[in-house]
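One structure below.
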Amino acid sequence: MQKRTIETKLEIYSFEELDKSNQYLIEKAKEQVQKAYAPYSGFQVGAAIELVNGEIITGSNQENSAYPSGLCAERVAMFYANAQFPDIAVKSMAIAAFTNGEFLEVPVTPCGSCRQVLLETEIRFENNITIILYGTKEVYLLENVKQLLPLCFEKSSLIG
Ligand code: THU
């Protein structure tokens with residue numbers, strides 16, 4: 001028997017320490033929470049994507065009375081980006097969450113299904129996506145989606 005430890009690398013910043021382009025993307029994600037449709041959870045999430053051509057795409061969570069039919073902010077934004085710009089790689093994505101009248105102190109982290117969808121885009125364009133997870137106390141920066149999804153299933157897994 002062997003044991004193996006898998007590491008996730010992330011950098012932790014205060015908002016003020018971030019460079020201007022990352023601050024801007026966070027501001028866009030924060031604005032977007034206002035457009036969430038989250039009457040069931042009251043948990044409003046905003047996502048903002050920067051494409052390599054500079055285009056900014058935003059999205060928010062969209063809930064449904066049939067709960068599983070709703071969709072997270074990250075997938076709303078990423079599917080829109082890929083649908084509208086199928087040939088343009090994604091550079092970075094910022095996520096912010098707002099509930100009970102305030103933004104979360106601790107950075108919001110994407111659910112498993114969103115991680116899988118974000119990974120597909122990263123692999124599809126062979127371009128790392130910087131992930132920026134906003135919290136009022138600190139911000140996490142990850143150099144790519146792979147950091148969020150160790151032991152991932154991806155297209156190369158299909159070949160065996
Ligand atoms: N949600 C997101 O949109 N993104 C996340 O990263 C976590 C969860 C949404 C799904 C649902 O509408 C609500 O937040 C509560 O889970």
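Just so you know, these numbers come straight off a predicted model, no measurement behind them. This chain uses plain numbering: 1 for the first residue, then up along the sequence. Atoms within a ligand are numbered from 1 in the order they appear, just like the ligands themselves.
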Interfacing atoms of ligand 1 (cut-off 4.0 Å, heavy-atom, Ser41): 13 (C), 15 (C)
Salt-bridge present (Arg115, Glu122; N to O < 4.0 Å): no
Side-chain H-bond candidate by donor/acceptor type, Thr130 with Glu143, under 3.5 Å: no
For Glu74, atoms of ligand 1 separated by under 4.0 Å from a heavy atom: 2 (C), 3 (O), 4 (N), 5 (C), 6 (O)
Per-atom contacts, ligand 1 versus Pro110 - under 4.0 Å to a heavy atom: 6 (O)
Ligand 1 contact on Ile95 by region, counting heavy-atom pairs under 4.0 Å: neither
Heteroatom distance test (Ala73, ligand 1): nitrogen or oxygen, under 3.5 angstrom: yes
Proximal atoms of ligand 1 relative to Glu63 (non-hydrogen, under 4.0 Å): 11 (C), 12 (O), 13 (C)
Contact check, Val76 vs ligand 1, heavy-atom distance below 4.0 Å: no
Check: Thr136/Glu105 side-chain N/O donor and acceptor closer than 3.5 Å: no
Heavy-atom nearest neighbour in the protein, as seen from atom 9 (C) of ligand 1, with distance rounded to 0.1 Å: Asn61 ND2, 3.5 Å
Closest protein heavy atom to atom 16 (O) of ligand 1, given as residue, atom name and distance to 0.1 Å: Phe43 CD2, 4.7 Å
Per atom 10 (C) of ligand 1, closest listed option by heavy atom (Ala38, Cys72, Ala47, Pro39): Cys72
Test item: side-chain donor near acceptor, Gln62 and Ser60, under 3.5 Å: yes
Over 12 non-hydrogen atoms of neighbours within 6.0 angstrom of CG in Asn100: no
Parallel, tilted or perpendicular: rings of Phe103 and Tyr134 (30°, 60°): perpendicular
Pairwise side-chain contact, Val139 with Ser14, heavy-atom cut-off 4.5 Å (strictly under): no
